[in-house]
Each structure stands twice: as C-alpha cells, then as structure tokens.
A.B. asks: 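Just passing along the structure, written as structure tokens.
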Number of protein chains: 2
Amino acid sequence: MSKKIEISEKDPSTEEKIKEAARKVFQKKGYAGTRTRDIADEAGVNLALLNYYFRSKEKLFDLIMGETMLLFFQSLKALINNENTSLQEKMQDFTNQYIDLLISQPQLPIFILNEIQMNPKGLSERMCLHQVVIGSYILKQFREDLGNNDIPDSALIQMIVNIIGMLVFPFIGKPLLKEIFNLTDEQFQAMMYDRKKLVPLWIESMFSNPINPSYFTLIQNIKL
Amino acid sequence: MSKKIEISEKDPSTEEKIKEAARKVFQKKGYAGTRTRDIADEAGVNLALLNYYFRSKEKLFDLIMGETMLLFFQSLKALINNENTSLQEKMQDFTNQYIDLLISQPQLPIFILNEIQMNPKGLSERMCLHQVVIGSYILKQFREDLGNNDIPDSALIQMIVNIIGMLVFPFIGKPLLKEIFNLTDEQFQAMMYDRKKLVPLWIESMFSNPINPSYFTLIQNIKL
DNA sequence: GTCTATATTTAGATAGAC
DNA sequence: GTCTATCTAAATATAGAC
C-alpha cells in the first residue's frame with residue numbers, strides 16, 4: 001500500500017520478478033496445484049517476500065488473473081467494434097492477433113477456461129463479456145453476411161464457437177497433439193503460423209456454404 | 001488386493017460409491033483442487049474408507065483417470081479402423097458418438113486435457129495414441145480424399161485438429177459460452193444436439209474446398 | 001467393513017532480526 | 001526490503017476399537 005513505483009527500471013524489481021514467476025507457475029499448474037514455494041523458487045526470491053508484497057496467495061492470483069483476462073479480452077473489444085473493416089478483414093485481424101498471442105503464451109486458453117469453470121460468474125462478469133459481445137459491431141456484420149432474416153441466432157453462435165475453436169483449440173490440445181502426431185515444439189509452432197492463412201479460408205468456406213435453417217432447433221428460441 | 005468382485009449387485013457397493021464420487025469431484029475440481037473429504041462427503045461414506053479401499057488419493061486418481069481415458073479413447077479405435085464405412089460415414093459416427101458422450105459428461109475434455117498438460121507422457125503413452133492414430137484406416141481415407149500426393153501431412157493434421165476441435169471445444173468452452181451468450185443448460189444442450197447435423201456439413205465443406213499446398217510450411221516436413 | 005481419534009505431512013502466513 | 005525461523009491451519013493417512 002505504501003509502495004510507490006520504482007524510479008529506476010534497470011532490472012526487474014522483486015515485485016515484478018514475483019509477478020512474472022507467479023504468472024508462469026499459475027498458468028502451468030493452476031491455482032490449487034501451485035505452491036507458493038514454487039513461485040518463490042521460480043522468481044529466485046525468499047518465500048516471505050510473496051506475503052510482504054502481495055499479502056496472500058489468493059490476492060496474488062487474483063491480480064495475475066485479472067491482468068491475464070484483460071490481456072486476452074481487451075484487444076478483442078476494439079477489434080470487433082471497428083466500423084472501418086469488413087467482416088473478412090476482421091477475421092484476418094482476429095486470427096493474426098490471437099495466434100501471435102497464443103504462440104507466445106500457449107497456456108493462456110486452458111488457464112482462463114479452468115478459472116472460469118471454477119468460478120463462472122466471477123471474472124467473466126467483471127469483464128462484461130456478454131454486453132461487449134452482444135453490443136458489438138461485428139455481430140451486425142455477421143447477421144448481414146448470413147442473409148439476416150431466416151437464420152436463427154443459434155446459428156450465429158454456432159459459427160462463432162467454430163471460429164473461436166479453430167483459433168484456440170489447437171493450443172488447448174497442444175500437449176495431446178504433440179503426443180499423437182509426434183510433433184516438436186518447432187513443428188507445432190510452424191503449423192500455428194500456417195493457420196494464420198488457413199483459418200480465414202476455412203471461415204470463408206463455412207460462411208459461403210448455404211445453411212439450412214431446419215438444421216437448427218428453433219424451439220429453444222435463443223435471442224441475442 | 002485381497003478384494004474380489006461383489007457377488008450381489010443390489011445397490012452400489014461402498015467401493016463403487018467412492019469411485020463414482022471421485023470421478024465427479026476430480027472432474028470438477030481437478031486433482032490438486034480436490035479434497036479427499038469432498039469425495040467422502042459426495043459418496044456419503046466415512047473418510048477413512050477411501051484409504052481402506054484405494055490406499056491413497058493418488059492411487060484413486062490414477063484409477064479414475066485410467067478408466068476415463070479408456071472411455072474417451074477406446075471407442076475411437078474401433079471406429080477409425082472400420083474398413084466398411086466411408087469417410088463421410090465415419091465423420092457422422094464420430095460426431096454422434098462424441099457429442100452424446102460429451103453431453104452426458106461435459107467436463108471430460110478439460111479434465112483429460114488438464115491431466116495431459118500436467119503429465120504429458122504418462123497416460124497418452126499408455127494408451128498408445130500415436131500408434132493407434134498413425135496406423136489407422138481412416139488416415140488412408142483422409143489422404144485419398146485430399147488427392148493423395150501433393151498435400152503435405154501437416155495439412156492432414158490441420159484438418160484433424162479442426163474436426164476434433166469442432167466436437168470438443170464447445171464443451172471445453174461451455175462455462176464461458178454460457179456467460180457470453182446467456183445460455184441455459186437446456187439451450188446449450190439443444191445446440192450441441194444441432195451439432196450432430198452441422199459438424200459433418202462443416203467438415204464436408206472444409207474438405208471440398210480446394211487447398212493450396214503453398215499455404216503450408218513445407219520446410220518442417222512433418223511425416224506421419 | 002466401518003467408525004473415531006490421532007498421527008503425519010504439507011503449505012500458507014507471520015514475527016522479528018538484520 | 002530481505003532473511004531465518006517458526007506458527008498455524010489444512011489435508012492426507014493410519015491405528016485401533018467396534
């Protein structure tokens with residue numbers, strides 16, 4: 001509390017070292033699986049300093065998780081509300097942005113999804129994800145692209161799920177895919193770079209194919 | 001060890017009650033997040049009985065995880081080696097089977113993927129996933145369908161990742177999707193049933209679109 | 001087989017010297 | 001701000017009565 005921003009930025013402050021280590025260990029092992037001692041070791045600092053700087057394991061986790069969610073979702077907001085790009089351009093931007101992010105931090109999706117599973121209301125609500133997505137400009141563009149009237153909202157959601165899945169799933173499944181296909185980290189990464197070109201094509205072909213409204217359960221009547 | 005199979009199958013034996021409870025709690029909270037007390041409570045039995053029957057938390061977990069992996073992957077093996085079904089039929093079978101399984105146990109994918117992340121070699125190796133997939137009949141069918149020669153193996157993997165992702169990702173993302181789109185469990189489930197018809201269509205359109213080999217990083221030279 | 005009581009181990013947090 | 005030593009709480013595991 002009485003702590004101010006460090007004046008010099010030579011090498012990372014102890015506080016910063018701990019945060020960096022915490023991010024890494026929490027992402028790898030999850031909250032329950034992480035020992036505070038692991039974080040201290042990873043940071044190369046004394047265990048007692050964690051409590052000195054962050055009060056408790058839980059507070060440290062909340063801090064990291066908040067920052068992580070922000071990193072993951074904030075860039076999205078500007079992108080999906082940009083009124084100057086076409087749907088196709090947005091898909092390409094989206095793809096580039098997320099694949100680059102996830103190549104640098106592959107554990108991000110499973111980390112976030114685990115947290116949301118443990119605590120569904122908590123953080124997703126704080127990010128106002130529902131409002132952000134529902135009120136977005138991209139949603140209008142999606143509707144127009146699909147022909148507006150006769151396609152139910154559930155069809156839209158199905159498409160969006162596929163798009164997010166194509167970007168995110170390979171990283172969630174990374175350890176499994178590496179095993180199944182005997183991939184090195186380099187090969188996996190090269191494949192993810194390829195995806196920057198491929199995902200927009202797959203999206204395109206998904207949208208250009210005619211969709212039969214009868215495929216969708218209309219009774220449930222989902223309204224966005 | 002000295003324990004034999006129960007003769008009568010009236011109501012679940014204590015051992016079975018514990019296993020069932022363990023499955024449920026481990027799937028929901030993960031290994032580290034689970035307290036043995038939670039399992040005992042969930043099963044409605046005394047805590048000491050867990051150790052009486054299963055020796056330790058870890059042994060109980062290994063047992064559950066082994067069974068879970070078997071459930072998830074064994075049905076796959078017969079299906080992908082069936083020489084009497086076309087690729088299209090396989091895709092439909094695959095879809096039906098996995099969506100039904102996952103609707104009844106939505107936590108399965110994230111549970112398994114978490115475990116593999118914590119312990120990548122361990123269980124996936126015991127299931128021989130690499131051998132099973134590489135030697136499968138379906139892989140030949142995929143190659144034929146794609147025109148055999150000029151498509152690199154990495155393209156095949158990309159496709160397979162998409163297929164698995166379309167089936168599995170919605171369940172991994174379920175808590176997040178429910179938040180974003182304000183879905184009830186019933187609505188989510190109805191959408192997953194819709195997917196039984198939709199996924200094969202999307203796969204079809206993905207395959208029927210011409211693929212340009214230049215989209216793939218050939219240098220990495222992945223060979224299955 | 002099941003229970004109560006307890007031992008053991010592990011992990012988060014803090015006091016107090018420097 | 002940092003460290004050592006220690007406290008406390010929680011969770012796993014077991015001993016022994018029934």
A.B. asks: Any ring-ring contact (aromatic ring centres under 6.0 Å, His included) involving residues 13-36 of chain A? Give me the pairs, sequence neighbours left out, ordered by first then second residue.
C.D. replies: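 Residue pairs with at least one partner in residues 13-36 of chain A: F26(A)-F61(A), Y31(A)-F61(A).
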A.B. asks: Extract all donor-acceptor atom pairs below 3.5 Å that involve side chains of residues 62-70 of chain B and protein atoms in other chains or at least two apart in sequence.
C.D. replies:
unit_1, atom_1, unit_2, atom_2, d
E67(B), OE1, R23(B), NH1, 3.2
E67(B), OE2, K19(B), NZ, 2.7
T68(B), OG1, I64(B), O, 2.7

A.B. asks: Write down the distance between NZ (K59(A)) and C1' (dA13(C)), rounded to a whole number of angstrom.
C.D. replies: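 Nearest whole value for this atom pair: 12 Å.
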A.B. asks: Please list all pairs meeting ring-ring contact (aromatic ring centres under 6.0 Å, His included) that have one or both residues in residues 63-82 of chain A, counting only residues at least two apart or in different chains.
C.D. replies: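 Applying ring-ring contact (aromatic ring centres under 6.0 Å, His included) to every pair that reaches into residues 63-82 of chain A, excluding sequence neighbours, yields F72(A)-Y98(A).
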A.B. asks: Strictly by modelled atom types, are Q158(A) and N162(A) linked by a side-chain donor-acceptor pair under 3.5 Å?
C.D. replies: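 No donor-acceptor contact under 3.5 Å links the two side chains.
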A.B. asks: For nucleotides 13-18 of chain D, give me every protein contact, N/O to N/O, under 3.5 Å, one pair per line with atom names.
C.D. replies:
unit_1, atom_1, unit_2, atom_2, d
dA13(D), OP2, K57(B), N, 2.9

A.B. asks: Taking D38(A) for its side chain and R35(A) for its backbone only, find out whether a donor-acceptor pair lies under 3.5 Å.
C.D. replies: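 Yes, because the side chain of D38(A) sits within donor-acceptor range (under 3.5 Å) of the backbone of R35(A).
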A.B. asks: Just list the side-chain donor-acceptor pairs under 3.5 Å for residues 99-107 of chain A, sequence neighbours left out, or say none.
C.D. replies:
unit_1, atom_1, unit_2, atom_2, d
D100(A), OD1, K196(A), NZ, 2.7
D100(A), OD2, K196(A), NZ, 3.2
S104(A), OG, L101(A), O, 2.7
Q105(A), OE1, Q27(A), NE2, 3.3
Q107(A), OE1, Q117(B), NE2, 2.7

A.B. asks: From CG of N46(B) over to P of dA11(D), roughly how many Å is that when rounded to an integer?
C.D. replies: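 So the two atoms are 17 Å apart, to the nearest Å.
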A.B. asks: Which nucleotide in the set dT2(D), dC3(D), dG12(C) lies at the smallest distance from any side-chain heavy atom of R35(A)?
C.D. replies: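 The answer is dG12(C).
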A.B. asks: Are side-chain N/O atoms of D194(B) and T217(A) paired as donor and acceptor at under 3.5 Å?
C.D. replies: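 A pair is found: one side chain offers a donor N or O, the other an acceptor, under 3.5 Å apart.
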A.B. asks: Without decimals, in angstroms, what is the distance between L49(A) CG and dT14(C) P?
C.D. replies: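 Those two atoms, CG and P, are 14 Å apart.
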A.B. asks: Please tell me whether T36(A) and K57(A) have a donor and an acceptor in their side chains that are separated by less than 3.5 angstrom.
C.D. replies: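 Short answer, no.
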A.B. asks: Please give me every residue in residues 16-23 of chain B whose heavy atoms get under 4.0 Å of an atom in DNA chain D, ordered by residue number.
C.D. replies: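 Residues of residues 16-23 of chain B under 4.0 Å from DNA chain D: none.
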A.B. asks: Between dC3(D) atom C1' and L50(A) atom CG, what is the distance in whole Å?
C.D. replies: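 After rounding, the reported distance stands at 13 Å.
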A.B. asks: In this structure, how many angstroms lie between the C1' atom of dG12(C) and the CZ atom of F61(A), rounded?
C.D. replies: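 About 16 Å, once rounded to whole Å.
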